[in-house]
Amino acid sequence: KLTQNWGLGLLANNWQISGIYRWMSDTPYPVTFSVPNVSAGNLTGSDNNNNARVVVSCDPGKGWSGDPYAQFDTSCFAPPQTGSDGTESARYFLHGPPVDNLDLSIGKGFQLGKAARIDVRLDLFNALNHTQFTGVNANVAFASLTDSTVTNSAVDASGNVVRNQGFGSITGVRPPRTLQLTTRISF
């Protein structure tokens with residue numbers, strides 16, 4: 001009976017578990033644009049591209065979603081026109097994908113006689129192995145100033161993916177689950 005209790009104690013006692021859960025909104029980002037053969041000077045009379053901004057015609061969404069090829073509604077944008085003063089849209093109105101992460105640590109200590117001890121710990125970073133997006137392609141290319149057709153869209157009119165990192169799509173992901181095993185012997 002003593003052997004059974006000792007074995008059960010060895011298995012069940014001295015466990016430690018700790019963790020941290022983080023959900024953070026990401027930073028806001030602007031939508032930038034390009035139009036063939038058109039420079040900032042053509043639109044604003046200045047070489048400073050900070051003044052001209054895309055025209056927002058509807059609600060593009062929050063700037064992130066679960067679809068890696070459609071982080072926002074790309075049909076809501078049109079090119080600025082000659083004489084733009086930068087009031088067509090806010091500078092930062094979309095937010096990047098949030099961080100949704102759980103890191104865990106599980107450890108157990110074993111006494112080895114009276115003078116020695118061994119501690120084993122397993123760290124799990126991104127323990128739930130969520131796919132977490134990091135960047136969004138927010139640079140829209142228009143056909144011309146008078147044609148607001150987006151020429152670098154990630155999907156075509158039927159919803160088929162035509163560019164993996166086109167306008168409105170994800171450009172990166174955070175690391176997947178990572179494990180780290182550590183052992184410490186004290187004597």
So how far is it from [X] [atom1] to [Y] [atom2], rounded to the nearest 0.5 Å?
X	Y	atom1	atom2	result
Q81	T146	CD	OG1	7.5 Å
K108	I118	NZ	CD1	11.5 Å
T27	Y92	OG1	OH	9.0 Å
I106	L104	CD1	CG	6.0 Å
M24	D26	CE	CG	7.5 Å

For the residue pair [X] and [Y], what are the closest heavy atoms and their distance?
X	Y	value
S105	D123	OG-OD1, 2.9 Å
I170	P97	CD1-CG, 4.1 Å
S186	R184	OG-NE, 4.0 Å
Y69	R163	CD2-O, 4.4 Å
V173	T131	CG1-CG2, 4.3 Å
F142	D147	CB-O, 4.2 Å

Would you say the side chain of [Y] lies within less than 4.5 Å of the side chain of [X], judging by non-hydrogen atoms?
X	Y	result
R117	Q111	yes
F125	Q180	yes
F93	P60	yes
N14	F110	no

Please determine whether the number of non-hydrogen atoms from other residues, nucleotides or ligands lying under 6.0 Å from atom [atom1] of [X] exceeds 12.
X	atom1	value
I17	CD1	yes
Q16	CD	no
R177	CZ	yes
N160	CG	yes

Checking [Y] against [X]: is there a side-chain donor and acceptor pair closer than 3.5 Å?
X	Y	answer
D103	Y21	no
T171	N137	no
S65	D67	no

Has [X] got a side-chain atom pairing as donor or acceptor with [Y]'s backbone, closer than 3.5 angstrom?
X	Y	value
T74	G168	no
S89	V54	yes
S169	P68	no

Is it possible for you to say whether [X] and [Y] belong to one hydrophobic cluster, with membership spreading through side-chain heavy-atom contacts below 4.5 Å?
X	Y	result
V161	V150	no
F33	V38	yes
V162	V155	no
V99	V136	no
L102	I20	no

Exercise for the section: Taking only Lys NZ, Arg NE, NH1 and NH2, and the carboxylate oxygens of Asp or Glu, determine whether R121 and D119 approach each other closer than 4.0 Å. Expected result: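 No, this pair does not count.
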
Practice task
Begin with the C-alpha distance, continue with both residues' side-chain angles, and end with the deciding distance and a verdict on side chain to side chain contact (heavy atoms under 4.5 Å, CB included) for V31 and L94.
Solution key: CA-CA 8 Å; V31 173; L94 298 173; 3.6 Å; yes

Handout entry: Chi angles and distances behind the side chain to side chain contact (heavy atoms under 4.5 Å, CB included) call for F77, V55
Key = CA-CA 6 Å; F77 302 99; V55 176; over 6 Å; no

Practice task
Would you please test F167 and F72 for ring pair (Phe, Tyr, Trp, His ring centres under 6.0 Å) and show each step?
Solution key: CA-CA 9 Å; F167 176 57; F72 49 81; 5.2 Å; yes

Practice task
Under the side chain to side chain contact (heavy atoms under 4.5 Å, CB included) rule, what do V140 and T32 come out as? Steps first, then yes or no, please.
Solution key: CA-CA 6 Å; V140 58; T32 57; over 6 Å; no

Problem - Worked verdict on N126 versus R174 for side chain to side chain contact (heavy atoms under 4.5 Å, CB included) - result: CA-CA 9 Å; N126 189 8; R174 289 183 174 82; over 6 Å; no

